[in-house]
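Worksheet for the structure shown next.
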Amino acid sequence: MSSRTRATASPLFVPHKTDRRSARAARDEFAAARVQARHASRPEALRTKTGGADPELRPTYPAAGRPGPASGRGGRLKLPAHRMTTATASGAYPFLAEGGLGAQGIYVGQDVHAEAAFTYDPFALYGRLEGFTNPNILLAGIIGMGKSALAKSLAVRAVAFGYRIYVPCDPKGEWTVVAQELGGQTIALGPGLPGRLNPLDAPARPHAVSEADWTTEVRKRRLLLLGSLAKTVLRRELHPMEHTALDIALDHVVAYRTSTGTTPLLGDVAYVLGSPEQLEDATGDRSGRLGHAAEDLAHALRRLIHGDLAGMFDAPSTVRFDPSAPMLSIDLSRLGGAGDDTGLVLAMTCASAWMESALSDPTGGRRWVIYDEAWRVMRHIALLERMQSQWKLSRGLGIANMMVIHRLSDLLTAGDAGSRGRALAEGLLTDCSTRIIYRQEADQLATAAAVLGLTGVETQAVSALTKGRGLWKVAGRSFITQHLLHPRERELFDTDLRMTATTGTPAPVISVSM
């Protein structure tokens, strides 16, 4: 058996007092011996392939690269600057975060991707952000993800900026404690409660409008209200003769009440509609056709006088609107609990008409109008028409409307494709430059993506959002924002009190003063 010789190189020890030339020569000799030892230890085939065991075979430059100024590592390499647009840069560098909407506005929380503060103010963005055409907001999210807390937090923080908050429909009574905390006003309506609102109250005339023009405007609003109430109960559009009957009955009641110095009531209009002889006297037509056409109208308005809504809207108002109050909410939690939303919609229609006295005043400042649980009224065309009118006039009136729903499919429940209700609901969405989407269920992702035009990445992000985190789409720009609550806000906005309270511990009772 032949023995195999292994070449090795031992570490080099240089005496301490050796001069530089001798030390450099010793290091070079050690490096050559190490290369020779490494080459000798390679297999014969590799030695032959690389040209044999020639100890002089060395790379042109060491592993560290070419030494000297020509190495390109000395900072002397200069390249011309390259300019590009932000749109091109976002495509070339897709992982750069958004720059945000600016520092002016209401603090919301943290921009998750940019790790910076996120602020929002629809009035500040209007006219400054390209594509931001209106101040209206859509807020959607499943139960328990924090959408109600966001709506209330925006309302509370908006008061600090001088904005006023109106909640024309509070089906669960959650805004009462918020209004009280801000020193605002809450009107609770329901069977057995002392609160009364007369939807035919004439709002205060703005200074810039003449008396004759304002009288015509008030008459138009009253007719729209009566038509909305009748269509909600009848669940159909009114016939031409029914419109005529409403006009005549309203004019007859207004003329009588004006002579006595009092305000018209819904009961007065219903009484005239149910009295054919009064309609005939007003028109001079003795054929009886107008009285016959007004029968359905009289029975439709009867529900507000003798039905489940009796007394709430057929009496003089027991409260006066305070335009200086920071917040006004209409508590309708005593209505619509039996599964029939008609009573709730009628009450909301009347409350909205009564609240328009402040919204129509151009000197009232900028205001937020929040429609909580708006999904409950999507099936009623009359109320959708009133909401659409308010959405369209938001810029002229200085109003930021917010619509709070659970799922994007709630917009599709307004009617079949091509119907009037579906068109109105889709119109409300179109007139919202801001869409805030909290987590959606898996079976709702396709609908959300189709209705809002979400990208694949945005759709995937919506399905994985955690509590308090939402996708904000503002005039085509997208942000993932984590809403942050102050401890006091968290205490006020807690909607899970009954679910988290200790067994046997009674929930606190909130008394509402009228």
Side-chain angles (χ1 to χ4, degrees), residues 122 133-140 147 151 154-155 164-171 175 197 199 203 220-233 235 237-238 313 328-330 332 335-336 341-360 364 366-415 419-436 451-452:
T133 58
N134 58 79
N136 302 319
I137 306 166
L138 169 71
L139 174 57
K147 66 178 183 303
L154 287 174
R164 294 184 176 88
I165 312 300
Y166 298 151
V167 185
C169 178
D170 182 13
W175 289 83
L197 290 182
K220 183 182 69 174
R221 294 186 182 186
R222 287 169 172 170
L223 285 175
L224 289 175
L225 169 65
L226 294 173
S228 298
L229 295 175
K231 285 189 289 186
T232 300
V233 177
R235 299 182 183 275
E237 293 292 329
L238 299 185
F313 303 104
L328 172 63
S329 66
I330 308 296
L332 303 178
L335 300 172
D341 288 335
T342 305
L344 178 66
V345 172
L346 291 173
M348 183 177 177
T349 303
C350 294
S352 298
W354 183 81
M355 192 176 288
E356 283 180 358
S357 60
L359 300 180
S360 60
R366 295 172 175 174
R367 293 142 293 184
W368 288 58
V369 181
I370 301 176
Y371 291 86
D372 201 357
E373 303 291 333
W375 60 271
R376 302 186 68 172
V377 298
M378 287 296 171
R379 298 184 296 272
H380 301 273
I381 297 179
L383 190 54
L384 283 176
E385 290 176 341
R386 296 185 66 87
M387 293 174 66
Q388 183 195 45
S389 175
Q390 192 164 305
W391 253 247
K392 294 293 185 182
L393 298 176
S394 59
R395 293 174 298 174
L397 297 177
I399 298 172
N401 298 291
M402 176 183 287
M403 177 172 54
V404 183
I405 60 178
H406 286 191
R407 300 174 295 271
L408 272 303
S409 59
D410 292 337
L411 298 173
L412 307 181
T413 62
S419 63
R420 169 87 174 145
R422 176 73 72 85
L424 289 172
E426 292 176 351
L428 293 179
L429 176 62
T430 304
D431 291 333
C432 290
S433 290
T434 303
R435 290 94 177 266
I436 308 172
V451 173
L452 299 177

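No experiment lies behind these values; they were computed from the predicted model shown. Any value given below was found using the heavy atoms of this structure, including those in side chains, with hydrogens, waters and symmetry copies removed.
- Closest non-hydrogen pair, M348 versus P168, comes out as CG-O, 4.4 Å.
- Here the closest non-hydrogen pair linking A230 and L238 is CB-CD2, 4.0 Å.
- When side chains are defined from C-beta on, L429 counts as touching R435, because their heavy atoms get closer than 4.5 Å.
- Distance CD1/I330 to SG/C169: 9.5 Å, rounded to 0.5 Å.
- Note: M403 CE to L428 CG = 5.0 Å, rounded to the nearest 0.5 Å.
- Remark: R222 engages no residue in a salt bridge (charged side-chain N to carboxylate O under 4.0 Å, His left out) (not counting sequence neighbours).
- Listed for the N401 side chain is no donor-acceptor partner under 3.5 Å among the backbone atoms of N136.
- Remark: K231 engages E385 in a salt bridge, criterion side-chain N to carboxylate O under 4.0 Å.
- The minimum heavy-atom distance linking A140 with K147 is given by the pair C-CD, 4.3 Å.
- Scored by the side chain to side chain contact (heavy atoms under 4.5 Å, CB included) test, T349 finds L225, S228, L229, V345, L383, R386 as partners (sequence neighbours excluded).
- The ring pair (Phe, Tyr, Trp, His ring centres under 6.0 Å) pairs that include a residue from residues 384-413 are Y371-W391, W375-H406, where partners are two or more places apart or lie in different chains.
- With sequence neighbours left out, the salt bridge (charged side-chain N to carboxylate O under 4.0 Å, His left out) criterion links E373 to K172.
- Scanning for side chain to side chain donor-acceptor pair (under 3.5 Å) contacts around D170 gives an empty result, with sequence neighbours left out.
- Screening I405, T434, I436 for a side-chain contact (heavy atoms from CB on, under 4.5 Å) with L138, the sole residue that qualifies is I405.
- Considering only heavy atoms from C-beta on, W175 comes within 4.5 Å of I370 through its side chain.
- The shortest heavy-atom contact between S394 and P135 is OG-CD, 3.7 Å.
- For S433, the side chain to side chain donor-acceptor pair (under 3.5 Å) criterion is met by T133, N134, not counting sequence neighbours.
- Atom-to-atom distance recorded for M402:CE and W368:CH2 is 5.0 Å, nearest 0.5 angstrom.
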